[in-house]
S.K.: 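I'd like to ask you about the structure that follows.
What you see is a predicted model, and the numbers here were worked out from it, not measured in a lab.
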Amino acid sequence: MERLVFHVDVNSAYLSWAAAQRVAEGKDDLRLIPSAVGGDPQRRTGVILAKSIPAKRFGVRTGEPVAQALRKCPQLVLVEPDFKLYTRNSRAFMDICRRFAPVVEPFSIDECFLDMTGTGYLYPDPVAAAHTIKDTIRRELGFTVNIGVADNRLLAKMASDFEKPDRVHTLFRAQIPEKLWPLPVGALFSVGQATAKKLEAAGVRTIGDLAAMPLSALQPLVGNKWGEQLHAYANGLDDSPVSDVPEQAKGYSVSTTLEADVTEFAAAHKILLALADSVSSRLRADGARAACVAVTTRTAAFEDRSHQKKLAAPTDVTNEIYAVARRLLSELWDGHTPLRLLGLSLTQIDRSGEEQLSLFADEGKKKAQKLDRALDQIRGRYGLSAVQRGATLDGAPEVGKKYKAQLEADRKKPE
């Protein structure tokens with residue numbers, strides 16, 4: 001049986017969802033004016049998360065600082081992020097997809113894959129079915145999507161990135177030479193800027209060039225495993241299934257760009273505790289433990305460094321993770337070079353449910369575990385900001401309020 005896969009992608013999701021809500025309230029449509037979703041222009045953490053097509057004409061780019069976008073387009077209308085709104089709309093459009101597809105796999109907050117294999121009797125014309133799904137989402141929810149139709153996940157995703165908005169595109173095997181191979185090599189899914197530059201320097205300009213490149217020439221450039229993957233993708237090959245069973249996280253991470261440079265350990269420790277508290281609570285919520293802790297720093301000069309440590313036994317205790325993170329930070333940083341970003345990640349995840357026991361009772365650890373459980377229960381009911389740890393392990397004051405909103409946003413980002 002021939003596979004049939006749809007990829008549904010919300011057009012400029014954050015802006016579209018904010019615009020749909022404003023239109024429902026009788027306000028102007030943000031999609032028709034220069035507008036963007038972004039944070040406070042007075043804060044360094046304020047960046048453009050999504051922009052309208054009129055804003056794009058002024059050169060406004062996703063990911064750039066809000067202040068820079070305002071210099072390009074002084075009349076830019078800014079809307080603050082609203083993650084509750086985004087979550088509601090994400091669930092709503094995927095629920096509509098589930099009316100039509102037997103299997104729906106969320107890929108991120110604003111896109112999903114539909115396995116339509118075997119639905120030919122219900123939907124003899126797959127393109128017409130895709131139009132029906134697209135139009136139903138627009139009619140019921142007030143925002144538009146693109147849908148890619150293909151015979152595997154890779155081609156469906158590539159097709160949904162063709163001309164936007166509110167379109168259905170196909171990319172079947174027979175269409176690869178015409179629709180896929182002429183595209184620049186950087187447009188291929190999973191090819192980042194660094195890889196694209198490396199390939200272009202070797203004379204590989206298009207996806208077709210990459211498809212025709214012998215593996216013996218490609219692998220020395222990018223590595224054996226990655227070379228095989230890229231070559232397969234360039235030729236439209238992908239046998240990965242569409243699954244409605246969420247894949248278990250291989251790691252947990254959180255980071256925050258600081259409003260002001262940090263130049264002393266006391267301030268850095270407060271932020272590190274907040275990061276440890278945030279990421280370890282996600283670990284516990286999944287019934288997991290981590291055996292490796294890593295800390296990442298970025299200086300005011302945009303120099304990134306990271307350091308990791310493997311633990312003697314997996315843990316989910318905030319204080320234990322924080323203590324290791326502090327030691328890693330002391331090895332990474334001199335305590336006065338200005339830092340603009342701190343990050344913490346947990347890997348080597350263990351979900352066995354088994355905990356290594358000691359011959360000697362560790363009352364301190366038991367108390368820490370009880371505190372973690374209590375805080376998790378309160379936050380689960382009243383939200384992340386309902387209660388904060390009052391002090392770091394060395395008695396420093398509580399984490400400042402200015403980091404709470406950023407941590408809340410980071411927690412809600414998809415892994």
S.K.: Taking salt bridge (Lys or Arg N to Asp or Glu O under 4.0 Å) as the test, write out the residues that go with R98, two or more places apart.
M.R.: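 With sequence neighbours excluded, R98 shows a salt bridge (Lys or Arg N to Asp or Glu O under 4.0 Å) to D95, given in chain and number order.
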S.K.: Specify whether H269 and Y322 have parallel, tilted or perpendicular ring planes, treating 30° as the upper limit for parallel and 60° as the lower limit for perpendicular.
M.R.: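 The arrangement is perpendicular - the two ring planes meet at more than 60°.
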S.K.: List the residues meeting ring-ring contact (aromatic ring centres under 6.0 Å, His included) with F113, not counting sequence neighbours, and say none if there are none.
M.R.: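 Scan of F113 (ring-ring contact (aromatic ring centres under 6.0 Å, His included), adjacent residues dropped) gives H7, F107.
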S.K.: Assess whether side-chain contact (heavy atoms from CB on, under 4.5 Å) is satisfied between L114 and V103, documenting all intermediate values.
M.R.: CA-CA 6 Å; L114 281 59; V103 178; over 6 Å; no
S.K.: Identify, with sequence neighbours excluded, every residue that meets side chain to side chain contact (heavy atoms under 4.5 Å, CB included) alongside D304.
M.R.: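 Side chain to side chain contact (heavy atoms under 4.5 Å, CB included) list for D304, sorted by chain: R298.
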S.K.: N152 and G236: which non-hydrogen atoms are nearest, and at how many Å?
M.R.: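 Between these two residues, the closest heavy atoms are ND2-O, 2.9 Å.
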S.K.: Please check: side-chain N/O of T206 versus main-chain N/O of D209, any donor-acceptor pairing under 3.5 Å?
M.R.: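 Flag set: sc T206 to bb D209 pair under 3.5 Å.
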S.K.: Using every non-hydrogen atom in the two residues, find where K51 and T62 come nearest and quote the distance to one decimal.
M.R.: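 Closest approach of K51 to T62: NZ-OG1, 3.2 Å.
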S.K.: Kindly check if the number of other-residue, nucleotide or ligand heavy atoms within 6.0 Å of CG (D135) is above 12?
M.R.: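 Atom CG in D135 is packed in, count exceeds 12.
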S.K.: With sequence neighbours left out, what residues match D161 under side chain to side chain donor-acceptor pair (under 3.5 Å)?
M.R.: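 None.
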S.K.: Okay, side chain of R138, backbone of D166: is any donor-acceptor separation there less than 3.5 Å?
M.R.: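 Checked: no pair found.
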S.K.: Write out all pairs satisfying side chain to side chain donor-acceptor pair (under 3.5 Å) with one or both partners inside residues 178-189, taking only residues at least two apart or from two chains.
M.R.: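 Pairs touching residues 178-189 that pass the test: T170-K179.
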S.K.: List for me each residue that meets side chain to side chain contact (heavy atoms under 4.5 Å, CB included) alongside T347, sequence neighbours excluded, and say none if there are none.
M.R.: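 With neighbours one apart ignored, the set is C292.
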S.K.: Which heavy atom of R3 sits nearest a heavy atom of V242, and at what distance?
M.R.: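 For R3 versus V242, the nearest heavy atoms are NH2-N, 4.1 Å.
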S.K.: Under 30°, 30 to 60°, or over 60°: which ring-plane class applies to F83 and Y86, parallel, tilted or perpendicular?
M.R.: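 Rings of F83 and Y86: perpendicular, as their planes differ by over 60°.
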S.K.: Step through the shown structure and confirm whether more than 12 heavy atoms of other residues, nucleotides or ligands are within 6.0 Å of NZ on K72.
M.R.: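 Correct, the count exceeds 12.
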S.K.: Kindly compute the distance separating CD1 (I207) from CG (L180), expressed to the nearest 0.5 Å.
M.R.: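 Going from CD1 on I207 over to CG on L180, the span is 4.5 Å.
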S.K.: Given side chains that start at C-beta, do those of Y252 and I349 come closer than 4.5 Å, heavy atoms only?
M.R.: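 Side-chain contact under 4.5 Å: yes.
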S.K.: H169: which residues meet the ring-ring contact (aromatic ring centres under 6.0 Å, His included) condition with it, sequence neighbours left out?
M.R.: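 For H169 the ring-ring contact (aromatic ring centres under 6.0 Å, His included) partners, ignoring immediate neighbours, are F162.
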S.K.: Quick one: do E331 and K309 satisfy salt bridge (charged side-chain N to carboxylate O under 4.0 Å, His left out)? Show the steps, please.
M.R.: CA-CA 11 Å; E331 296 169 5; K309 178 178 176 59; over 6 Å; no
S.K.: Going from CZ on R57 to OG on S52, what distance comes out if it is rounded to the nearest 0.5 angstrom?
M.R.: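 The CZ atom of R57 sits 8.5 Å away from the OG atom of S52.
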S.K.: Using a 4.5 Å cut-off on heavy atoms from C-beta on, say whether the side chain of K134 contacts that of V168.
M.R.: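 A side-chain contact under 4.5 Å exists here.
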S.K.: Would you mind reporting whether F143 and R31 have side-chain heavy atoms less than 4.5 Å apart?
M.R.: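 Of all side-chain heavy-atom pairs linking F143 with R31, at least one is under 4.5 Å.
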S.K.: Any side-chain heavy atom of L30 within less than 4.5 Å of one from V37?
M.R.: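 Answer no - side chains too far apart.
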S.K.: Would you say that more than 12 heavy atoms from the other residues, nucleotides or ligands in this model lie under 6.0 Å from the CD of E25, or not?
M.R.: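 For E25, atom CD is crowded (more than 12 foreign heavy atoms under 6.0 Å).
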S.K.: Keeping to residues at least two apart or across chains, list the side chain to side chain donor-acceptor pair (under 3.5 Å) pairs with something in residues 186-199.
M.R.: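 Non-adjacent pairs meeting side chain to side chain donor-acceptor pair (under 3.5 Å): zero.
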S.K.: Does D9 offer a backbone N or O that forms a donor-acceptor pair with the side chain of E111 under 3.5 Å?
M.R.: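 Not at all, since once roles are kept as given, no pair shorter than 3.5 Å links the two residues.
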S.K.: Does D28 form a salt bridge (charged side-chain N to carboxylate O under 4.0 Å, His left out) with R22? I'd like the steps, not just the answer.
M.R.: CA-CA 7 Å; D28 291 340; R22 286 170 65 97; 5.8 Å; no
S.K.: Spell out, as yes or no, whether a donor-acceptor pair under 3.5 Å connects the side chain of D277 to the backbone of L273.
M.R.: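 No: the side chain of D277 does not pair with the backbone of L273.
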S.K.: Between E105 and S243, do the side chains contain an N or O donor and an N or O acceptor separated by less than 3.5 Å?
M.R.: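 Not at all, the side chains of E105 and S243 share no donor-acceptor pair under 3.5 Å.
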S.K.: Could you pull out the closest heavy-atom pair between P126 and L4, with the gap in Å?
M.R.: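 Closest approach of P126 to L4: CB-CD2, 3.7 Å.
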S.K.: So do the side chains of W333 and V262 get within less than 4.5 Å of each other, counting heavy atoms only?
M.R.: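 Side-chain contact under 4.5 Å: yes.
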S.K.: Could you tell me which residues satisfy side chain to side chain contact (heavy atoms under 4.5 Å, CB included) with K225, sequence neighbours excluded, listed by chain and number?
M.R.: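 Checked K225 against side chain to side chain contact (heavy atoms under 4.5 Å, CB included); zero matches.
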S.K.: Counting distance only, does the side-chain N/O of Q308 pair as donor-acceptor with the main-chain N or O of A294 below 3.5 Å?
M.R.: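 No, Q308 side chain to A294 backbone: no donor-acceptor pair under 3.5 Å.
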S.K.: Does some side-chain heavy atom of S12 sit less than 4.5 Å from a side-chain heavy atom of L15?
M.R.: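 In short, these two side chains touch, coming nearer than 4.5 Å.
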S.K.: Walk me through whether T296 and L342 qualify under side-chain contact (heavy atoms from CB on, under 4.5 Å).
M.R.: CA-CA 6 Å; T296 300; L342 270 172; over 6 Å; no
S.K.: What is the distance from atom CD1 of I147 to atom CD1 of I133, rounded to the nearest 0.5 Å?
M.R.: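 If we round to the nearest 0.5 Å, I147:CD1 and I133:CD1 are 5.0 Å apart.
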S.K.: Looking only at atom types and distance, does a side-chain atom of S90 sit under 3.5 Å from a main-chain N or O of I109, one as donor and one as acceptor?
M.R.: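 Yes, S90 side chain to I109 backbone: donor-acceptor pair under 3.5 Å.
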S.K.: Within a strict 4.5 Å, meaning less than it, do heavy atoms of the D151 and V5 side chains meet?
M.R.: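 Of all side-chain heavy-atom pairs linking V5 with D151, none is under 4.5 Å.
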S.K.: Just to verify, what does Q68 make a side chain to side chain donor-acceptor pair (under 3.5 Å) with, not counting sequence neighbours?
M.R.: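 In terms of side chain to side chain donor-acceptor pair (under 3.5 Å), with neighbours along the sequence ignored, Q68 is linked to E64.
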S.K.: NZ of K56 to CD1 of I53: how many Å apart, nearest 0.5 Å?
M.R.: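 The CD1 atom of I53 is 7.5 Å from NZ of K56, to the nearest 0.5 Å.
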S.K.: Is the closest side-chain heavy-atom distance between R289 and Q348 below 4.5 Å?
M.R.: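 No, side chains not in contact.
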S.K.: If you apply the rule side-chain contact (heavy atoms from CB on, under 4.5 Å), what do you find for D29 with L32, and how did you get there?
M.R.: CA-CA 6 Å; D29 192 335; L32 305 179; 3.9 Å; yes
S.K.: Please identify each residue that fulfils ring-ring contact (aromatic ring centres under 6.0 Å, His included) with F58, with sequence neighbours left out.
M.R.: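 If we apply the ring-ring contact (aromatic ring centres under 6.0 Å, His included) test to F58, skipping adjacent residues, there are no hits.
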S.K.: Only counting residues at least two apart or in another chain, list the ones meeting side chain to side chain contact (heavy atoms under 4.5 Å, CB included) with N11.
M.R.: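 Result, side chain to side chain contact (heavy atoms under 4.5 Å, CB included) vs N11: T144, N146, K164, P165.
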S.K.: Looking at S240, is its backbone amide N or carbonyl O close enough to the side chain of D238 to form a donor-acceptor pair, meaning the two atoms are under 3.5 Å apart?
M.R.: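 Such a contact is found between D238 side chain and S240 backbone.
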S.K.: C112 vs F93, test: side-chain contact (heavy atoms from CB on, under 4.5 Å). Steps then yes/no.
M.R.: CA-CA 10 Å; C112 62; F93 95 83; 3.8 Å; yes
S.K.: Would you name the heavy atoms of V254 and V279 that are closest together and state the gap between them?
M.R.: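 For V254 versus V279, the nearest heavy atoms are CG1-CB, 3.9 Å.
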S.K.: Indicate the atoms forming the closest heavy-atom contact of L49 with P81, along with that distance.
M.R.: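 Reported closest heavy-atom pair: CD1-CG, 3.7 Å.
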